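Being a predicted model, the structure only gives us computed values, none of them experimental.
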Amino acid sequence: MTNRKKQKGSDTAVQGTNDSSVVSKASAAAQGYFHDCFLKHFVYKVARRAPLINRGYYVRWRAVEHCLQTFLQVTQHCAKRQILSLGAGFDSLYFRLCADEALNRTIVFEVDFPDVTRRKAALIRSNVSLSRMLDSQHVFPPTGPVYVSSSQYFLLGVDVRHDSIVEEALGIAGLDPTAPTLILSEVVLTYMKTQQSDDIISWAARLLPQSLFVMYEQIHPQDPFGRIMQQHFLKLNSTLHALRQYPDADAQRQRFLAKGWEKCVCLDMNEFFLRLIPDDERHRVERLEPFDEYEEWHQKCSHYFILTASRGSLTAQCLLAHPAGPVPNSSQKPAGLAVNIEPVCVEGLGMASTLLDGGQILLTGGFCRTGRGSSSRFLLKGHEGWRSIHVHPSASFILRLYHTVTSIPGGMAVIYGGRSSPVNPITGLLKVTLHNEGSPGPEDVVELHEEQMICTGAHPPLRWRHSATLVTHQGKDLLFVFGGKNESEAVLGDGYFLDLDQLHWTEVAVEGAAPEARHSHSACSYQGGLVLFGGHGRRGEPLGDIMAMKSNEEGFCWESIEVQPPPCPRYSHSAHIFGDHLIVVGGVWLHSAGVPGVAVINLSTRCSIEFSLVTNSVPWPLMLHSFCSELVIQEEAQLILIGGGGNCFSFGTHFNPQLVTVDLEPALKRI
């Protein structure tokens, strides 16, 4: 009895995911991501979701639509063809295809729990716009398993886990096992026990010898984003079962081949979005809403896949195409670097940090659980370890995210750029200094003095996600601002020099081919110039190039640095210079095996090694994007990782709650 109650509760929770999903689909349609005027009839009220969720449901819709249209095109001369949607929920597919006159010689069969089907049938019956899409012979039987019967549409209330009952109900509705059939399964099978979902995949292969199976589900359960994703569904009492046995795209492909399917192609949604959607369509979607959640977007897409599996020579033509273009591949990963937690609570996304004289770390801006805050902090390391010290800023301190704070001579720092929202960049520069001399008192509070910097010359356009680096030319200290984005430009590729003595934006000769436009990159002072790495490029993909801006008599010169093996492209990372080593930390990449750890690049020998991070001692998912890090050299080279996390699609916002440290010595000895 207890197990039956538990199963019923789980089934009810799974059915609840339908209600949430259709609201999100309706939101995306209402914002113009795709055209579907019928979804609004399946929700009580169209609610506007966040841009990240709208994009997520767009790429899901687009992937399924791509497979559907390919199937309809390949089978256009067939005398009969079928669409079988498993766990269809409140999908509007039939009504949309009917309105588009795309159902020529096609019958749509939808199967879901009886309770879901009963509700859908009632909505169709009571809505004129929906019921008129059925032909005059349509019937609403008083009992199941067929809840709606029409010449081209059948709605069946059957638990899809009971394949023999499903097969019998489909036979009653008139499914022809010999006709070419498209089988749709959007986040359905994974809610079942794995043996049950395997049985359905095998059953479909036996029943329909000329068919195409299209599945959209989750992958990569064990990385930080995957752990947050699993926790979300556990809270909803909707465990993702298939992830355990089939954790990645290759495992899913092998699964279908082992269950009777002849061919199979499986792509994660980054591959689909970046390779199989035309550029003009991607650009259209990217312009629909203000957007600044790139890290979460790429991670969401790396944790979902679209799969096509075929039976028969005809439907083999409907398989997804393998995307063209190189697949990111990280270099060898030797022993990982241990991560340790420090008992200091600091959280925040989009903060900026810099290392001041005396080993003090200044943190500014960012977003945390209590909202956007102007309060800054100092981090100090004493005999008892690290501690956090609050800073009292003056009223002039502006709330900001994704800005830069750069140490300059004299124990000061310059804060530049940032935003308060994706449509509100922040103007001006701010020079900050410690107001009181010496170490903080027992109250652990210091005062920060801020001063607006009134600069002359041609100011750069406003921006965030840029870099601001201290360089030197002819004995002068210059702040070099490069790249970023703003409310009108998705990426910027311009560079500006600020003379810190004259407070004048000045022109300096820079030779060589400049780096391509980007944001969320890193730039570190090096030998009077700088070294730039990675970033988010114009095509929406991470970059992996290394560029040095070297000082010369006339000004500076850009040079490309070729490294073997090439570091894996990434963005939203941090980077530091230690001698001739470029230390790259964290970030987001499209490489499927794990998440970025630490890359050590020897700028002299032009060699690089990627190191994974061993996070066994960290009880929460460690997300290293939208974070800060500083390289502290005392008795040993140590990385301090501060803040980070993200708004994980619809799964909730995660913050790294404490400081963590990484001992770099083992990495530096390897290269």
Participant: Hey, what do you get for CG (Leu207) to CG (Asp163), rounding to the nearest 0.5 Å?
Facilitator: 9.5 Å
Participant: Does Phe42 have Lys120 sitting over its ring (NZ/CZ under 6.0 Å from centre, angle to axis within 45°)?
Facilitator: yes
Participant: Salt bridge or not between Asp279 and Arg539? Use side-chain N to carboxylate O under 4.0 Å.
Facilitator: yes
Participant: For the backbone of Ser211 and the side chain of Thr315, can you confirm whether one donor and one acceptor N or O come within less than 3.5 Å of each other?
Facilitator: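 Answer holds: yes.
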Participant: Between Phe273 and Tyr58, what is the ring plane arrangement, given parallel below 30°, perpendicular above 60°, and tilted in between?
Facilitator: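 Perpendicular: the ring planes of Phe273 and Tyr58 meet at over 60°.
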Participant: Would you name the heavy atoms of Asp112 and Ala88 that are closest together and state the gap between them?
Facilitator: OD2-N, 3.4 Å
Participant: Does Arg161 use its side chain to pair, donor to acceptor, with the backbone of Gln196 at less than 3.5 Å?
Facilitator: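 Not confirmed, Arg161 side chain does not pair with Gln196 backbone.
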Participant: Looking at His220, His232, His303, which hits ring-ring contact (aromatic ring centres under 6.0 Å, His included) with Phe225?
Facilitator: His303
Participant: Side chain of Glu610, backbone of Gly597: donor and acceptor closer than 3.5 Å?
Facilitator: no
Participant: What ring-ring contact (aromatic ring centres under 6.0 Å, His included) pairs are there with at least one residue in residues 61-89, not counting sequence neighbours?
Facilitator: Phe34-Trp61, His66-Phe272
Participant: Does the separation of the ring centres of Phe256 and Phe213 fall below 6.0 angstrom?
Facilitator: yes
Participant: How far does CG of Leu243 sit from CG of Leu240, to the nearest 0.5 angstrom?
Facilitator: 5.0 Å
Participant: Looking at Arg81 and Asn104, would you say the former's side chain and the latter's main chain have a donor-acceptor pair under 3.5 Å?
Facilitator: yes
Participant: Taking Leu189 as the fixed residue, which of Asp198, Ile201, Thr194, Asp199 is the one that meets the side-chain contact (heavy atoms from CB on, under 4.5 Å) rule?
Facilitator: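 Output: one option passes, namely Ile201.
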Participant: Treating Thr181 as the side-chain partner and Ala179 as the backbone partner, does any N or O pair qualify as donor plus acceptor under 3.5 Å?
Facilitator: yes
Participant: For the pair Gln82 (side chain) and Phe109 (backbone), establish whether a donor and an acceptor sit closer than 3.5 Å, ignoring hydrogens and angles.
Facilitator: no
Participant: Are His298 and Tyr571 an aromatic pair by the rule of ring centers under 6.0 Å?
Facilitator: yes
Participant: How close do Pro569 and Pro542 get, heavy atom to heavy atom, and via which atoms?
Facilitator: CB-O, 3.5 Å
Participant: Would you find a donor on one side and an acceptor on the other, under 3.5 Å apart, between the side chain of Thr117 and the backbone of Leu156?
Facilitator: yes
Participant: Calculate, to the nearest 0.5 Å, the distance between atoms CG and CD1 belonging to Asn127 and Ile124 respectively.
Facilitator: 9.0 Å
Participant: Got more than 12 heavy atoms from elsewhere within 6.0 Å of CD, Glu168?
Facilitator: no
Participant: Do Arg206 and Glu167 sit within salt-bridge range, that is, some charged N less than 4.0 Å from a carboxylate O?
Facilitator: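 Glu167 and Arg206: not salt-bridged.
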Participant: What's the separation between atom CG in Leu182 and atom CD1 in Ile83, rounded to the nearest 0.5 Å?
Facilitator: 5.5 Å
Participant: Is Arg49 positioned over the aromatic face of Tyr57, cation under 6.0 angstrom from the ring centre and no more than 45 degrees off axis?
Facilitator: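 No, cation not above the ring by the 6.0 Å, 45° rule.
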Participant: Hey, is Glu293 close enough to Lys300 for a salt bridge, meaning N to O under 4.0 Å?
Facilitator: no
Participant: Can you label the angle between the Trp297 ring and the Phe291 ring as parallel, tilted or perpendicular, going by 30° and 60°?
Facilitator: perpendicular
Participant: NZ of Lys235: more than 12 outside heavy atoms within 6.0 angstrom?
Facilitator: no
Participant: Of all the heavy-atom pairs spanning Leu130 and Leu123, show the shortest one and how long it is.
Facilitator: CD1-O, 4.0 Å
Participant: Check whether any side-chain N or O of Glu295 sits under 3.5 Å from a backbone N or O of Gly646 as a donor-acceptor pair, and report yes or no.
Facilitator: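 Checked: no pair found.
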Participant: Aromatic ring centroids of Tyr153 and Phe95 under 6.0 Å?
Facilitator: yes
Participant: Using a strict threshold of under 4.0 Å (side-chain N to carboxylate O), is an ion pair present between Arg284 and Glu281?
Facilitator: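 A salt bridge is present here (some side-chain N lies under 4.0 Å from a carboxylate O).
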Participant: Just verifying a value: how many Å separate Asp248 CG and Phe305 CZ, rounded to the nearest 0.5 Å?
Facilitator: 10.0 Å
Participant: For Asn54, which of Lys25, Gln31, Glu289 qualifies under side-chain hydrogen bond (donor to acceptor under 3.5 Å, both in side chains)?
Facilitator: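 Answer after filtering Lys25, Gln31, Glu289: Glu289.
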Participant: Given 3.5 Å as the limit, does a donor-acceptor pair link the side chain of Gln152 with the main chain of Val108, or not?
Facilitator: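 Not confirmed, Gln152 side chain does not pair with Val108 backbone.
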Participant: What's the separation between atom CD in Glu296 and atom CZ in Phe651, rounded to the nearest 0.5 Å?
Facilitator: 12.0 Å
